[in-house]
Amino acid sequence: MPPLRVASSLTAQLNNLSLGPSRPTSLQHFEPSVLSHTFSTSRPTLNWLAPKGGESRKSRKGRPRVPTGGSTRGTTVVWGDYGLRMRDHDRRISAAQLKNGEDVIRKRLRGLKFRMYMRICANIGVYTSGNESRMGKGKGSFDHWASRVAVSKIIFELKGDVHEQIVRDAFRLAANKLPGLYEFVKKGDPPVMGITKVGNGVTMEDLKRPRKSLPPPNLEDTASRLPAST
């Protein structure tokens with residue numbers, strides 16, 4: 001059998017091959033999509049309208065936190081320059097209502113440079129058993145997420161290159177979408193203990209002071225003021 005013929009061009013290519021270690025190819029010839037990673041070192045943005053891990057057990061209806069010890073936590077603006085604060089009564093706000101308030105603010109400030117902070121999160125599950133159902137047979141099925149908002153609690157904060165009157169109008173529109181009454185506050189405003197604002201002569205020490213003890217009643221004076229019985 002005659003030997004196989006090899007083309008001269010193929011022989012030249014085989015002679016040019018080297019068995020030594022090749023030089024590393026410059027990274028600038030690769031496409032950026034090839035070198036891009038599927039992960040990121042930045043912290044992922046969490047959803048403030050639902051808990052991250054759900055619930056291990058069904059939540060009770062419960063009641064919002066009442067600062068009976070004189071706490072003013074969550075009543076002042078911390079990160080932003082302006083805030084929206086509840087001022088009438090504590091209540092439970094659903095995640096859909098909070099989302100509507102956020103969308104209204106972002107739509108009013110569209111095109112402006114700002115950053116918004118949410119001071120609450122919807123981490124309480126609300127369960128319903130339907131209408132005209134008999135008592136018993138469990139708590140019911142999941143309906144929506146909600147948040148327990150205490151009185152005088154800051155809900156939204158905003159910071160950016162935005163005029164104060166524009167922020168006031170945006171917060172006014174958001175307050176119309178949320179249940180309850182709200183007020184506009186700025187950074188540096190005094191805190192609120194319960195429904196009493198600290199300032200103008202009212203201090204936290206005066207509010208935390210126990211009630212003054214009244215003197216014991218004088219029975220003789222009381223008897224002298226009463227009409228004589230016949």
Side-chain angles (χ1 to χ4, degrees), residues 32 36-54 64-65 67 70-126 144-200 202-204:
S36 61
H37 298 283
T38 58
F39 62 90
S40 176
T41 57
S42 60
R43 186 176 180 180
T45 304
L46 300 178
N47 184 15
W48 70 291
L49 298 175
K52 180 180 179 180
R65 178 181 61 89
S71 175
T72 58
R73 184 183 63 180
T75 61
T76 56
V77 178
V78 178
W79 299 302
D81 297 329
Y82 310 101
L84 183 67
R85 181 168 62 188
M86 179 179 289
R87 67 180 178 89
D88 61 340
H89 194 273
D90 50 28
R91 56 176 43 83
R92 190 174 63 182
I93 304 178
S94 64
Q97 294 170 337
L98 295 174
K99 180 62 176 176
N100 291 338
E102 179 189 5
D103 294 342
V104 166
I105 296 176
R106 295 189 183 277
K107 184 176 180 180
R108 178 63 180 86
L109 303 180
R110 182 181 300 172
L112 302 177
K113 295 182 179 180
F114 68 95
R115 183 174 182 180
M116 192 162 59
Y117 304 90
M118 294 73 171
R119 295 289 300 272
I120 61 176
C121 60
N123 56 355
I124 303 299
V126 179
H144 63 273
W145 295 107
S147 175
R148 298 191 188 114
V149 184
V151 64
S152 304
K153 174 72 175 180
I154 297 288
I155 298 181
F156 297 113
E157 292 188 15
L158 192 138
K159 181 179 182 180
D161 189 12
V162 188
H163 196 273
E164 180 181 344
Q165 294 298 330
I166 300 179
V167 180
R168 284 180 178 270
D169 185 53
F171 282 168
R172 178 187 61 82
L173 297 175
N176 294 336
K177 297 290 184 179
L178 298 174
L181 301 178
Y182 299 86
E183 61 181 350
F184 178 83
V185 293
K186 296 187 295 184
K187 191 177 184 64
D189 288 354
V192 180
M193 185 179 296
I195 58 175
T196 305
K197 295 183 178 180
V198 179
N200 297 329
V202 180
T203 61
M204 297 179 62

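Counting begins at 1 with the first residue of the sequence. Side-chain atoms are counted along with the backbone in the values below, which use heavy atoms only and exclude waters and symmetry mates.
- Remark: Asp88 engages Arg91 in a salt bridge (charged side-chain N to carboxylate O under 4.0 Å, His left out) (not counting sequence neighbours).
- Between Lys107 and Asp103 there is no salt bridge, since no side-chain N of the basic residue sits under 4.0 Å from a carboxylate O of the acidic one.
- The two residues Ala95 and Ala122 have their closest heavy-atom pair at CB-CB, 3.9 Å.
- The side-chain heavy atoms of Thr196 and Val202, taken from C-beta on, include a pair separated by under 4.5 Å.
- Within the 4.5 Å cutoff, no side-chain heavy atoms of Arg110 are placed close to those of Arg106.
- The shortest side-chain heavy-atom distance between Trp145 and Pro51 falls under the 4.5 Å cut-off.
- Between Val198 and Val192 the shortest side-chain heavy-atom distance does not fall below 4.5 Å.
- To the nearest 0.5 Å, the span separating CD1 on Ile93 from CG on Leu98 amounts to 5.5 Å.
- Checked by atom type and distance alone, the side chain of Ser147 pairs as donor or acceptor with a backbone atom of Cys121 at under 3.5 Å.
- Relative ring orientation between Trp79 and Tyr117 is described as tilted, the plane-to-plane angle lying within the 30° to 60° band.
- Using a 4.5 Å heavy-atom threshold, the side chains of Pro64 and Arg92 count as separate.
- Listed by first and then second residue, the side chain to side chain donor-acceptor pair (under 3.5 Å) pairs that reach into residues 181-190 are Arg85-Glu183, Glu183-Lys197, sequence neighbours excluded.
- Other residues, nucleotides and ligands place more than 12 heavy atoms under 6.0 Å from the CG atom of Leu181.
- Distance CE/Met116 to CG/Leu84: 10.5 Å, rounded to 0.5 Å.
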